[in-house]
Amino acid sequence: HCADGKTLTDGKLTIATGNPAYYPWVMDNAPESGNGFEPAVAYAVASKMGFEAADVIWVRSSFDEAIQPGPKSFDFNMQQFSITEAREKVVDFSVPYYSAPMAVMVAANAAETEASVEALRDLIWGGVGTTTAVPMLTAIIQPNKDPMLYADTADVAAAMQAGQIDAAMFDLPTALYLSAVVVEGSKLLGQFPADRTENPDQFGMLMEEGNPLKACVNEAINALAESGELAGIEAEWLQETTGVPLID
Amino acid sequence: MKKDDAAGKTRRQIYEEKLRRRSLLIAGTSTVFAFLAVVVLVPLAPGWEKVKASFFNREVFVETFPKLLDAFLIDVMIFVWCAPAITALGLLIALARDVQSPALFPLRIFGAFYTDIFRGVPVVLTVYLIGFGIPGLGLPRPFNSPYIWGSLALILTYSAYVAEIFRSGIEAVHKSQRSAAQSLGLTDGDTMRFVILPQAIRQVIPSQMNMFIALQKDVALLSFIGPVEIFRQAGVFKSLMANFTPYVGAALIFLAVTVPATRYADYLLAKQNKERS
Amino acid sequence: MKKDDAAGKTRRQIYEEKLRRRSLLIAGTSTVFAFLAVVVLVPLAPGWEKVKASFFNREVFVETFPKLLDAFLIDVMIFVWCAPAITALGLLIALARDVQSPALFPLRIFGAFYTDIFRGVPVVLTVYLIGFGIPGLGLPRPFNSPYIWGSLALILTYSAYVAEIFRSGIEAVHKSQRSAAQSLGLTDGDTMRFVILPQAIRQVIPSQMNMFIALQKDVALLSFIGPVEIFRQAGVFKSLMANFTPYVGAALIFLAVTVPATRYADYLLAKQNKERS
Amino acid sequence: MAKLSLRGVVKRFGENTVCDGIDLEVEEGQMVCLIGASGAGKSTVLRCVNLLEPIEDGEIFLDGVDISVPGLNPQPVRRRIGMVFQSYNLFPHMTAMENVMLAPRRVYGKSREELRPEIAELFTRFGLADRMEHYPDQLSGGQQQRVAIVRALAMKPEVMLFDEITSALDPQLVGEVLDVLRLLKESGMTMVLATHEMGFAREAADKVCFLKDGRILEEGSPETLFGAPKHPETKEFLARSLK
Amino acid sequence: MAKLSLRGVVKRFGENTVCDGIDLEVEEGQMVCLIGASGAGKSTVLRCVNLLEPIEDGEIFLDGVDISVPGLNPQPVRRRIGMVFQSYNLFPHMTAMENVMLAPRRVYGKSREELRPEIAELFTRFGLADRMEHYPDQLSGGQQQRVAIVRALAMKPEVMLFDEITSALDPQLVGEVLDVLRLLKESGMTMVLATHEMGFAREAADKVCFLKDGRILEEGSPETLFGAPKHPETKEFLARSLK
Ligand SMILES: Nc1ncnc2c1ncn2[C@@H]1O[C@H](COP(=O)(O)OP(=O)(O)OP(=O)(O)O)[C@@H](O)[C@H]1O
Ligand SMILES: Nc1ncnc2c1ncn2[C@@H]1O[C@H](COP(=O)(O)OP(=O)(O)OP(=O)(O)O)[C@@H](O)[C@H]1O
Ligand SMILES: [Mg+2]
Ligand SMILES: [Mg+2]
């Protein structure tokens, strides 16, 4: 097999996810169950690479641990890492396994805002500081007031609940989850078409720079994409993402 | 006049008892009122229900608390091995900065440099640089543990603070004490050890307590480089449940440790002061 | 013997010059050697290239540094309005804890409670609870700003530490000073203000410097509730570029502020001490 | 009516009874000297009179008013009673001049300018003219004690308590200071001294009290007490005292 | 050869020349008294001899060996020279007994048990038998100074420097302490005292030096110096000194 001798532990595939791993990407913070979009993709890729489900080992890692120099404790890391040029200089990414549109979520008090960039400019914006939502925000919306940036989605939600921000930008699945479950009275105003920026936000599996496994992983993902399996997994776990209006 | 033997109490004793009663009464009523004000008024705020649900959520608390306690053991462990190292290193640096002999001048310079750098750089950065940087140089598995290098980062940073406090204590001891010890023929080392340091240390205990309580809380920063201690655990639960109650749980655990620790240190200090006056 | 008028130097001056020269030499060579050791040895480590690329990356540094400087202004702003409030509140709490009159006993209790709670709870939690919790109660827009409530959280926490340091300074002033002031008919307030506090404050300056340097760095915690100050900005760059160099830039900015601040405080203290001895 | 009078004053430190029922009358303008061995309780008596120590039992009257009532505001009383300490207790962060000016400024609300000439004169009288702007640590022991005396005198008190104020002075200055005490007495000041200067006590005091273990064993005019002590302990103490 | 000799000793504090060329010879077993007004520099001379202050110029010889060589290790010298301070300088965190035992234990390596009987005896001789386990703050001024004397004597030094050690003592104890000094002298101890006890200086000293502004203006046997002072300043000082 193409993975022989290239994994951290022979015969095993070590996959890292976040701590915690977020809904709707991973269900119940339990990737071992295979429930959720990312575990489903992971197990599909693993089986394409010739690993039994029992041979997949899950570990946890923070963003910082994922990008630290030196040896890594995983073969690849899946936690909605956007592929960017800058990041690619330090670590390796697989080919994308998901293209995420960006969505705008607004608080109850801004629910009636017109879905146009001009109207959105006047709102107070928030976002998660470690995501590519930040450059998108500054590139597309160019808000009048400096946006507030937070450590994770829970903090953004809390700030919205406290009335400190009017709007926030997330990838669409996360935004759907937050507006439906977490932030009372909030609303999904719309999504940006994926081609709105030059580099559409695409999630890749993160690997140590020069990881020999890369080709093997890419091969597996490409195969899944061609066979339509990937689209099937997406439809199973992220089906609600269709039907959200576009913003222009 | 003389003691009133029937009542068995002097005028002063009667007065002091009255005062004590009155102040207890004031303390009691004012506490009750303040408490009532908070308990009655806060829930009237329009957002109270939401705040309660996201900060003081019973279910979340019950579910997460035992796991937070587990995670706290890691904090305790790290604290237990860092604290003595910090004290020792801090003391050494303080002594280096106090060296009298001009021949050992470089030591003073080194001490000043050390405290400047490690107090100046935020702990988080030291943790990143040492915790990721040094293992990144290519150390093999057991020696690149984030526990080792993260702890080292804490030790380096905190010993700089602790050294500064020791030094202020040393300088607060009056020069005449050094004269007296030296005139007895004690060496500089003995003078420091038996005369200056005991007085200096006694004086800085409250500040050092502050430092160690701060350390206990900064142990949480090690979570940046991997170890899942109580703070990271609370953060994980917060992210997962989009609820801040786990932080309240963590705060309670911290309070349960730090408050008795401070109280005890204060008590020791008061006892010492009383003994000597 | 008498002064050697030809050379114009006494035996002691000659000896001290010799010592100075020798110690400068030792300091110089040891510094050079230590420096060389680091510069030569570290790059020999197998992982050095990677560590260098991710911690000391020239391009990243040049690109991010100016923006970090911008973000630092927010830290400075927050510090500038928090520091006076912390000092004032800390002093008030310290005075409350030192109240002598038994009638004001409740104040002492309150002071003790206050320091216990706010020193015991980690700053981050106070920031979360007050920064999200209070605005969440339903305050309208200008009054629910994370700047206001986040600063309040810092002020509450740090004033507890500062109070504790003031108190240790007050207790270190010998009782006889209070006696002397009281015997002159000064009120308790004047005694505190003119006799005890000036001595206490002088003594605790190094510890307070420690606290304010720590505060300058903990301002970063406000980033948890939104404000994009230098730390969050560095974090954003870190994520974007998958590179830790922005943190090194942030550390340099901190060092550039904190080191001169500490040096200046030390200098003031030394000057004071010299004046009075 | 006596200016100052103590009745059955008891003071304890823990188990240790340091004043064990002190009765003492000081008439207006009188100079009373307390003598006795080290540890007899002389300093403690003075501290109690100045309300620096609450007393366990007994009463202290100033102009017939009980000033030892528990809960009484002590400041107005202390303003009327000056005290100089055995161990100077100067404020180390103030110059000599600031040490002296503090209390008149704060208590009587006088300005620095108003006070300076009269205080400078006091300093000159005590040979400290060129030490006014020095800090206590820059002064020798004798200089420090003289500043402390000036500080107390600047408050113009009605009663002065002196606790072995000449202990750290050289003989030349002892003479000078004792001269000042004589002048003060002539001007009608009421004074209580704890002193070891037997010669001075004998010559200038109106009354001498011999303390032992917290009690006044014997009191009387200096002639009787020094000339014909009744109590055997007084005899022994005086015999063993030099000069 | 003189036990202790000072040649042209100069000591400055900043601009202020406190010792301005002191020449002094102290023979083995002699008792030399330094007298002079407050601020004359008596304490400073003693501190220089004990190497607590580096001197600007001049030399100090102990048994003919120059002990003021810059860079010399001062500890062995200080062990041979005991000193008692004007302001006691007891260690506040140690009991009286611990204060006294510290130096013999550390310097001579003796054990507590070894030392206790002889030190207890010293305490008893100074009337401190029941104060051995007290902390300095719990002792009166006189008690503190006596502990300080015991502390210095416990080191069995060859030369003793006393800096106004009787300042804080009551007359009874002054006599007792001066008796001890006499005994010490009989046992052959070399001593230098800064003192205000003119009576004692006259009676017991072998040589008296009158200091003014950092110079020895006049020195000689007590008979000549007190009886027929040559220098007008000495005359004036003695005239103004009491007793
Ligand atoms: N704060 C205190 N706590 C406990 N004991 C004390 C305190 N102050 C004084 N004493 C004790 O009380 C006794 C009397 O002390 P006091 O200072 O009044 O004596 P004194 O007559 O002034 O002696 P001296 O001439 O040495 O100054 C002493 O035995 C002393 O140890
Ligand atoms: N560390 C110092 N710095 C500056 N000046 C000092 C210092 N120590 C002493 N002096 C000054 O030196 C002079 C001599 O002081 P010294 O203590 O030797 O006098 P003294 O003769 O012992 O006086 P006294 O009888 O009052 O103790 C004084 O004017 C004093 O102000
Ligand atoms: Mg006394
Ligand atoms: Mg002196």
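All values below were derived from every heavy atom in this structure, side-chain atoms included, with hydrogens, water molecules and symmetry-related copies excluded.
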> Taking C-beta and beyond as the side chain, do D:V10 and B:R12 meet within less than 4.5 Å on heavy atoms?
Replying inline: no

>> Between B:T10 and D:E56 (side chain of the first, backbone of the second, donor and acceptor by atom type, cut-off under 3.5 Å), is there such a pair?
In response: yes

> Just wondering, more than 12 heavy atoms not from D:K212 lying within 6.0 Å of its NZ?
Replying inline: no

> CZ of B:F113: more than 12 outside heavy atoms within 6.0 angstrom?
Replying inline: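 Incorrect, the count does not exceed 12.
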
Would you mind writing out the side-chain donor-acceptor pairs for residues 43-51 of chain D within the sub-3.5 Å range, not counting sequence neighbours?
unit_1, atom_1, unit_2, atom_2, d
D:S43, OG, D:Q86, OE1, 3.4
D:S43, OG, D:D163, OD1, 3.3
D:S43, OG, D:D163, OD2, 2.8
D:R47, NE, D:E53, OE2, 3.1
D:R47, NH1, C:S179, OG, 3.4
D:R47, NH2, C:S179, OG, 3.1
D:R47, NH2, D:E53, OE2, 3.2

> Considering all heavy atoms of both residues, which atom of B:Y15 and which atom of D:G71 are nearest to each other, and what is their separation?
Replying inline: OH-CA, 2.8 Å

>> Between B:R11 and D:S68, do the side chains contain a donor N or O and an acceptor N or O under 3.5 Å apart?
In response: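 There is such a pair between these side chains.
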
